[in-house]
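Below you'll find the structure, written out as structure tokens, and then a few comments.
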Amino acid sequence: MNNLELAKLIFKDELKAPDEYELIYPPRELPAGAMVTRLGPSPTGFIHLGNLYGAFVDMRMAKQSDGVFYLRIEDTDDKRYVDGAVDSIISALDFFGINFDEGAESDGERGAYGPYYQSLRGEIYRAYAKKMVEDGYAYPCFLTSEEIAEIRSAQEAAKETPGVYGKYAKYRNEEFELVKALIEEGREYVLRLKSSGKTDVSPDEMSQITVFDAIRGELVMPENNQDIVILKSNGMPTYHFAHAVDDHLMRTTHVVRGAEWLSTLPVHVELFEKLGFDLPIYCHTAQLMKIDEETGQKRKLSKRLDSELSLDYYMSQGYHPLAVREYLLTILNSDYEEWRIANPDRANEEFDFSVEKMNNSGALFDILKLQDISKDTLLRLRGDEIADFVANWASKYRREQYDVIAQDLEYLARIMDIGRSGAKPRKDLIYAAQIADFISYFFDEFFVIKDSIPPEVPTGDVPLILSKYLDSFDFSDDSQQWFEKIREIARDAGYAEKPKDYKKEPDKYKGHVGHVSTVIRIAITGLSQSPDIWEIQQVLGEERTRARIEKFAALYR
RNA sequence: GUCGCCAUGGUCAAGUGGUCAAGACGUAGCCCUCUCACGGCUGAGUCGGGGGUUCGAUCCCCCCUGGCGAUACCA
């Protein structure tokens with residue numbers, strides 16, 4: 001048989017037989033129903049919310065079924081490689097709570113089904129490619145990129161499906177002697193799949209394949225008829241071929257990937273078939289989308305364009321990983337939100353996640369929703385936990401503030417807890433960058449007067465109000481006693497004790513107690529709007545409070 | 001162009017052959033209130049279009065439109 005000679009001609013090195021690999025990587029011994037999933041990033045170093053979204057699905061499926069979730073680095077394209085990328089991918093994923101049972105690690109790898117770097121699996125791919133040639137399912141193709149471009153434009157002109165297939169696959173059934181001569185001559189070539197799909201019929205006459213997708217149900221698609229490349233001229237496999245070999249040998253049960261792979265599914269089905277592998281269960285997730293600012297159109301998240309959606313962005317803004325996970329869960333399984341409302345204190349791991357509940361259409365990323373969820377998520381954390389988180393964030397992203405706010409973590413924790421107890425806790429805290437700005441007035445180093453006193457208060461009243469306040473000020477007053485004194489000051493100075501009184505009879509008063517308290521509020525926080533002043537004072541301490549009042553009053557003397 | 005996937009308010013979405021078409025975010029107003037938040041109440045806002053099938057379609061079928069994706073020796 002020529003195929004055997006051809007295989008020998010192409011693969012001169014010693015290669016294991018595929019059967020040996022079957023033995024080296026036997027089926028996993030796992031409980032019934034256990035799912036084996038994987039994440040296969042290419043090492044560009046860039047990873048965005050969409051990747052995290054998919055990684056989440058993988059991890060939940062494996063964890064919920066007592067299966068295995070592993071990391072495989074898909075570095076078959078050297079053009080894509082970025083130094084240090086694997087490390088940054090792993091640490092970013094880890095930050096958001098994605099961790100692996102096996103696979104690539106920053107200092108090597110772990111697990112019995114490796115190597116987990118595709119660049120290290122060359123021999124394995126070649127072994128299976130050789131078998132493809134022997135079986136007559138693959139052949140060397142010497143078409144240059146110029147020739148392929150010509151074929152393409154001819155096909156486009158003739159309104160035919162573009163690609164290398166059927167009569168356009170010039171070397172598909174080439175004479176052995178000629179192939180041999182070309183190879184010996186040193187001509188570059190790729191290895192192509194010899195597709196058995198029909199090529200001489202119109203698209204609607206093509207045979208259909210049906211594939212079950214765990215998210216989308218039964219998919220009916222035309223069979224593949226393209227002689228796609230399986231081994232590039234440098235000997236590396238294409239994604240398609242590596243996917244088939246790796247997911248088989250690593251015994252992946254569920255392939256979770258974005259919907260952009262749907263159109264190549266027929267290729268993969270044919271590959272698995274020709275290789276003699278069982279098909280994994282595919283789970284094609286909808287893509288996370290965003291609105292393109294320039295065009296105003298919905299589009300898939302892009303690595304190139306959407307740096308603000310990179311995981312780095314959320315880390316640098318200081319979104320809490322839990323918040324991001326909560327958000328992702330709400331778009332992954334829409335009943336998660338209701339579950340969360342019903343179970344505010346349970347860990348999200350207890351939620352029964354399922355791929356069947358996933359939506360088929362792409363969700364638009366909504367930062368407002370993330371922020372809302374973030375507020376609620378931070379509410380479930382203790383003040384000291386948030387303080388630690390913010391301090392940690394500042395140490396990386398805001399050095400100059402870190403030195404100040406992290407000096408006294410207990411103080412920081414008390415700041416975080418302001419207004420958070422009781423039945424209707426405040427929801428001021430969203431993400432670290434916002435929190436750092438929000439609390440800056442608690443530190444003398446950052447304290448500035450930003451707002452001006454309300455127009456209802458004549459300038460001359462300011463020192464009056466403040467000196468009275470200072471005179472009657474007793475740090476040990478409780479909240480009610482404290483406010484009673486403010487009312488007194490307001491009344492004595494000609495302001496209504498209740499805003500309603502002022503509303504009813506505006507001519508009778510200069511303003512109301514709210515205006516008076518605003519003066520005090522500005523003196524203490526520099527802002528006309530803030531959480532409860534009494535609580536702020538309790539955290540600031542008596543000394544700092546008095547100092548600020550005095551300093552502000554001095555401005556009006 | 002061709003092929004594929006998708007289609008319920010601004011966003012995420014539940015949903016069924018007969019519903020006043022859930023809920024969340026956002027938004028408007030009111031209430032609570034020393035400010036701001038929080039909370040409460042109320043409101044505005046949707047089944048892309050056209051054909052069928054049916055006593056009846058948001059739901060089932062077809063066409064169109066729109067969005068997204070694929071069309072590489074990238075993944």
Side-chain angles (χ1 to χ4, degrees), chain A residues 40-42 44 74-77 79-80 118 141 143-145 148 152 155-157 159-163 188-192 203 206 213 216 219-222 226 228-240 242-243 257-266 284 286-287 289 291 297-300 303 327 330-331 334-338 340-341 359-373 375 379 419-420 422-428 451 454 483 486-487 490 495 497-500 512-518 520-522 525 527-534:
Chain A
S42 63
T44 56
E74 311 215 330
D75 51 356
T76 55
D77 181 17
K79 286 189 289 298
R80 278 188 168 223
Q118 289 185 330
C141 168
L143 251 22
T144 63
S145 47
I148 292 173
R152 165 170 303 272
Q155 286 166 330
E156 276 168 11
K159 291 195 190 297
E160 290 179 25
T161 309
E188 276 213 341
Y189 63 93
V190 299
L191 210 61
R192 283 185 187 275
M206 277 180 50
D213 182 293
R216 287 156 198 271
L219 298 169
V220 181
M221 309 177 104
Q226 297 263 345
I228 53 109
V229 174
I230 60 174
L231 243 42
K232 307 179 209 175
S233 57
N234 66 0
M236 287 292 242
T238 55
Y239 169 87
H240 311 296
H243 154 54
R257 43 144 72 151
E260 73 266 25
W261 292 109
L262 233 29
S263 29
T264 45
L265 189 52
H284 287 96
Q287 293 295 86
M289 316 282 260
I291 295 285
Q297 306 258 282
K298 210 179 183 186
R299 66 165 168 75
K300 147 183 167 184
K303 299 182 187 196
Y327 174 68
T330 63
I331 51 180
S334 61
D335 56 339
Y336 179 74
E337 247 181 308
E338 284 167 29
R340 174 48 80 200
I341 291 167
N359 208 77
N360 293 356
S361 53
L364 215 49
F365 172 75
D366 185 356
I367 189 115
L368 253 23
K369 183 81 179 182
L370 202 213
Q371 296 187 347
D372 178 69
I373 286 172
K375 290 178 192 172
L379 211 49
R420 297 211 317 148
K424 291 186 286 185
R426 302 181 65 90
K427 295 183 185 173
D428 300 307
D451 291 340
F483 193 64
I486 308 257
R487 279 200 209 278
Y495 295 81
E497 283 180 67
K498 291 183 176 162
K500 270 188 179 160
H512 60 74
V513 64
H515 300 123
V516 173
S517 71
T518 298
I520 298 164
R521 170 168 279 116
I522 291 173
T525 67
L527 303 166
S528 60
Q529 302 174 350
S530 81
D532 185 69
I533 308 175
W534 181 81

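Side chains included, hydrogens not; waters and symmetry mates left out as well; all remaining heavy atoms used. Letters go in sequence order (proteins before strands), and every chain restarts at 1. Keep in mind that what you see is a predicted model, and the values were worked out from it rather than measured.
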Look at the side chain of [X] and decide which nucleotide, out of [options], has an atom nearest to it.
X      : options                : value
A/Q529 : B/rC36, B/rG4, B/rC38  : B/rC36
A/K232 : B/rC34, B/rC74, B/rA70 : B/rC74
A/R521 : B/rU35, B/rU33, B/rC25 : B/rU35
A/R426 : B/rC36, B/rG69, B/rA13 : B/rC36
A/S42  : B/rA75, B/rC12, B/rC38 : B/rA75
A/P162 : B/rC25, B/rU11, B/rG1  : B/rG1
A/T161 : B/rA75, B/rU2, B/rG39  : B/rU2
A/N359 : B/rC34, B/rA14, B/rA75 : B/rA14
A/K500 : B/rC34, B/rG39, B/rC32 : B/rC32

Need the pair for [N]. Rule: Watson-Crick or G-U wobble, both distances under 3.5 Å, any strand; none if unpaired.
N      : answer
B/rA7  : B/rU65
B/rA44 : none
B/rC36 : none
B/rA22 : none
B/rA70 : B/rU2

Could you state the atom-to-atom distance from [atom1] of [X] to [atom2] of [N] in whole Å?
X      : N      : atom1 : atom2 : value
A/I331 : B/rU11 : CD1   : C1'   : 11 Å
A/L231 : B/rC73 : CG    : P     : 13 Å
A/R340 : B/rC25 : CZ    : P     : 15 Å
A/Y495 : B/rU35 : OH    : P     : 16 Å
A/Y336 : B/rA14 : OH    : C1'   : 18 Å
A/H240 : B/rA75 : NE2   : P     : 8 Å
A/D366 : B/rA24 : CG    : C1'   : 11 Å
A/E260 : B/rU71 : CD    : P     : 10 Å

Test log, rule side chain to side chain contact (heavy atoms under 4.5 Å, CB included), inputs A/L262 and A/R216: CA-CA 11 Å; A/L262 233 29; A/R216 287 156 198 271; 4.0 Å; yes

Separation between CD1 of A/I230 and NE2 of A/H240, rounded to the nearest 0.5 Å: 11.0 Å

Separation of A/I533 CD1 from A/I486 CD1 (nearest 0.5 Å): 6.0 Å

What's [X] touching, base or sugar-phosphate or nothing? Going by heavy atoms closer than 4.0 Å.
X      : result
A/V190 : base
A/T76  : sugar-phosphate
A/P499 : sugar-phosphate

Comparing A/E156 and A/K369 on RNA chain B - which has the more 5′ nearest nucleotide: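 Counting from the 5' end, the first nearest nucleotide belongs to A/E156.
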
Position toward the 5' end of RNA chain B (nearest nucleotide), A/S233 or A/R216: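 Mapping each residue to its closest nucleotide by heavy atoms, the 5'-most match is A/R216.
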
Working for ring-ring contact (aromatic ring centres under 6.0 Å, His included), residues A/Y327 and A/F365: CA-CA 10 Å; A/Y327 174 68; A/F365 172 75; 5.6 Å; yes

A/S334 side chain near B/rA14 phosphate (N/O to OP1/OP2, under 4.0 Å): yes

N or O in side chain of A/K424 less than 4.0 angstrom from B/rC32 OP1/OP2: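 Indeed not, no polar side-chain atom of A/K424 lies that close.
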
Side-chain donor-acceptor contact under 3.5 Å, A/R257 with A/H284: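 Present: a donor and an acceptor within the cut-off.
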
Aromatic ring pairing A/H243/A/Y239, orientation class (parallel under 30°, perpendicular over 60°, tilted between): parallel

Pairwise [atom1] distance, [M] and [N] [rounded to whole Å]:
N      : M      : atom1 : answer
B/rU33 : B/rC25 : P     : 24 Å
B/rC60 : B/rU54 : C1'   : 10 Å
B/rG50 : B/rG66 : C1'   : 15 Å
B/rU65 : B/rG15 : C1'   : 25 Å
B/rA13 : B/rU46 : C1'   : 12 Å
B/rA21 : B/rC32 : P     : 32 Å
B/rU11 : B/rU16 : C1'   : 24 Å
B/rC41 : B/rG4  : C1'   : 48 Å

Non-hydrogen atoms of A/K232 and A/P237 that approach each other most closely: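 Nearest heavy atoms, A/K232 then A/P237: CE-O, 3.4 Å.
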
Check: B/rC34 base within 3.5 Å donor-acceptor of A/D532 side chain: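 Result: at least one qualifying N/O pair found.
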
Aro-ring/base stack A/Y239-B/rC74, d under 5.5 Å, angle under 30°: no

Student check: side-chain heavy atoms of A/T144 and A/I148 closer than 4.5 Å: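 No; the side chains remain at least 4.5 Å from each other.
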
